[in-house]
Amino acid sequence: MKIYISGIDTDVGKTYLSARLCKELGFDYFKLIQAGTPKDSDVVAKFSPKTKIFKEGVFLKTPASPHKGRILENLSYKAFDIQIPQSDKLIIELAGGLFSPLDDEKTMIDYMSAFKHPTILVAKDYLGSINHTLLSIEALKQRDIKILALILKTQDNFSKDFISKYASIPIIEFDDKVCEKLLKIIY
């Protein structure tokens with residue numbers, strides 16, 4: 001099984017969840033596009049040293065949106081030319097949010113639409129996150145991308161309760177048992 005780890009924004013916990021899934025459930029790891037250092041694969045390797053880590057699809061030195069880094073570094077690549085490695089159990093970590101540019105024409109969600117695999121959407125609770133989360137869920141549903149679960153980092157249940165009533169997808173709190181709970185959904 002190949003699973004995209006997508007997020008409602010940057011810095012919501014995609015890498016940490018990816019590392020946990022690799023360590024606790026035995027997945028291999030692939031970062032579609034890496035912008036800047038330290039590399040997310042380094043974090044995964046440190047947390048889960050036995051994980052097979054594939055070289056990222058594209059590496060950009062510039063810690064910025066990929067379309068900007070691509071121009072600043074004078075790199076030429078097309079989003080749909082990035083190949084997903086062969087693996088029976090693979091976590092594919094995306095960069096930024098669903099509509100973060102992958103090149104000068106395509107976004108992360110465009111890539112997901114072209115190369116269909118289910119996703120786990122990661123969100124954290126901040127002012128405006130309900131809107132970002134629900135928009136992300138709607139965008140995934142419109143493109144017929146299966147959402148295995150929403151992983152939500154929150155301090156209280158206000159956001160979780162509202163999103164749960166509105167979105168009708170499985171919601172799992174980002175806690176010590178997140179992988180155990182995901183295991184029941186994935187398989």
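Both backbone and side-chain heavy atoms feed into the values below; hydrogens, waters and symmetry mates do not. A quick note: this is a predicted structure, and the numbers were derived from the prediction, not measured.
Side-chain atoms of K89 come within 3.5 Å of backbone atoms of L25 as a donor-acceptor pair (strictly under, hydrogens ignored). Side chain of K14 to main chain of G96: a donor-acceptor pair is present (N/O by atom type, distance under 3.5 Å, no hydrogens or angles). For the pair K141 (side chain) and A167 (backbone), a donor-acceptor distance under 3.5 Å is present. In terms of modelled atom types and a separation under 3.5 Å, the side chain of K2 and the main chain of S87 share a donor-acceptor contact. Under the 3.5 Å distance criterion, the side-chain polar atoms of Y111 are matched with a main-chain donor or acceptor of I82.
Judged purely by distance below 3.5 Å, without hydrogens or angles, the side chains of D110 and T107 pair a donor atom with an acceptor atom. With no hydrogens or angles considered, a side-chain donor-acceptor pair links S6 and T119 at under 3.5 Å.
Once rounded to the nearest 0.5 Å, the distance linking NE2 of H67 with CD1 of I71 reads 6.5 Å. A distance of 4.5 Å separates CD1 of I91 from CD1 of I3, quoted to the nearest 0.5 Å. Atoms CG and CG, from L32 and D40 in turn, are 12.0 Å apart once rounded to the nearest 0.5 Å. Here CG of N131 is found 9.0 Å from OG of S136. Values are rounded to the nearest 0.5 Å. Interatomic distance, OG1 of T154 versus OH of Y126, reported as 12.5 Å (0.5 Å rounding). Here L90 contributes atom CG and L21 contributes atom CG; the two are 11.5 Å apart, rounded to the nearest 0.5 Å.
No side-chain heavy atom of I130 sits less than 4.5 Å from a side-chain heavy atom of Y166. Contact of the I163 side chain with the I137 side chain is registered, since non-hydrogen atoms from C-beta on lie closer than 4.5 Å. At least one side-chain heavy atom of F174 sits under 4.5 Å from a side-chain heavy atom of V122. Proximity of Y29 to S48: side-chain heavy atoms (C-beta onward) are nowhere separated by under 4.5 Å. Side chains of L60 and K68 form no contact here, defined as non-hydrogen atoms less than 4.5 Å apart. Side chains of E93 and T15 form a contact here, defined as non-hydrogen atoms less than 4.5 Å apart. With contacts defined as side-chain heavy-atom distances shorter than 4.5 Å, the pair L17/L182 qualifies. Looking at heavy atoms from C-beta onward, R20 lies in side-chain contact with C179 at the 4.5 angstrom threshold.
Within a 6.0 Å radius of NZ in K146, other residues, nucleotides and ligands contribute 12 heavy atoms or fewer. Heavy atoms from other residues, nucleotides or ligands lying under 6.0 Å from CZ of F80 number more than 12. D175 CG: more than 12 foreign heavy atoms inside a 6.0 Å radius.
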Go through the steps for L148 and Y4 under the test side-chain contact (heavy atoms from CB on, under 4.5 Å), then give the verdict. CA-CA 10 Å; L148 296 172; Y4 289 115; over 6 Å; no
Show your working on side-chain contact (heavy atoms from CB on, under 4.5 Å) between F115 and I92 and close with a plain yes or no. CA-CA 11 Å; F115 305 98; I92 306 162; over 6 Å; no
Just do the side-chain contact (heavy atoms from CB on, under 4.5 Å) check on F27 and V44 with the steps written out, would you? CA-CA 11 Å; F27 279 85; V44 173; over 6 Å; no
Derivation and outcome, side-chain contact (heavy atoms from CB on, under 4.5 Å), residues M112 and L140: CA-CA 9 Å; M112 297 169 78; L140 290 164; 3.8 Å; yes
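In this structure, I5 is a member of the same hydrophobic cluster as M1, with clusters built from ILVMFWY side-chain heavy atoms closer than 4.5 Å. Connection of F59 to V43 is not established within any shared hydrophobic cluster, with ILVMFWY side chains joined at heavy-atom distances below 4.5 Å, either directly or through further cluster members.
A salt bridge is absent between D9 and K124; no separation between the charged side-chain nitrogens and carboxylate oxygens falls under 4.0 Å. Using a cutoff of 4.0 Å between basic side-chain nitrogens and carboxylate oxygens, R70 and D103 are not scored as salt-bridged. Here E173 pairs with K160 in a salt bridge; the nearest charged N to carboxylate O distance falls below 4.0 Å.
Residues I33 and P66 approach most closely at CD1-CB, 3.5 Å, considering heavy atoms. Heavy atoms only, all atoms of each residue included: G69 and T62 are closest at CA-CB, 3.8 Å. Residues F99 and R143 come closest through the heavy atom pair CE2-NH2, 3.9 Å. Here the closest heavy-atom approach between residue I53 and residue S41 is recorded as CD1-O, 3.5 Å. Nearest heavy atom pair, residue G97 against residue M108, reads O-CG, 3.6 Å.
Applying the side-chain contact (heavy atoms from CB on, under 4.5 Å) test between I8 and each of L135, T133, L98, L134 identifies T133 as the sole match. Under the side-chain hydrogen bond (donor to acceptor under 3.5 Å, both in side chains) rule, E56 has a single partner from K31, Q34, K39, which is K39.
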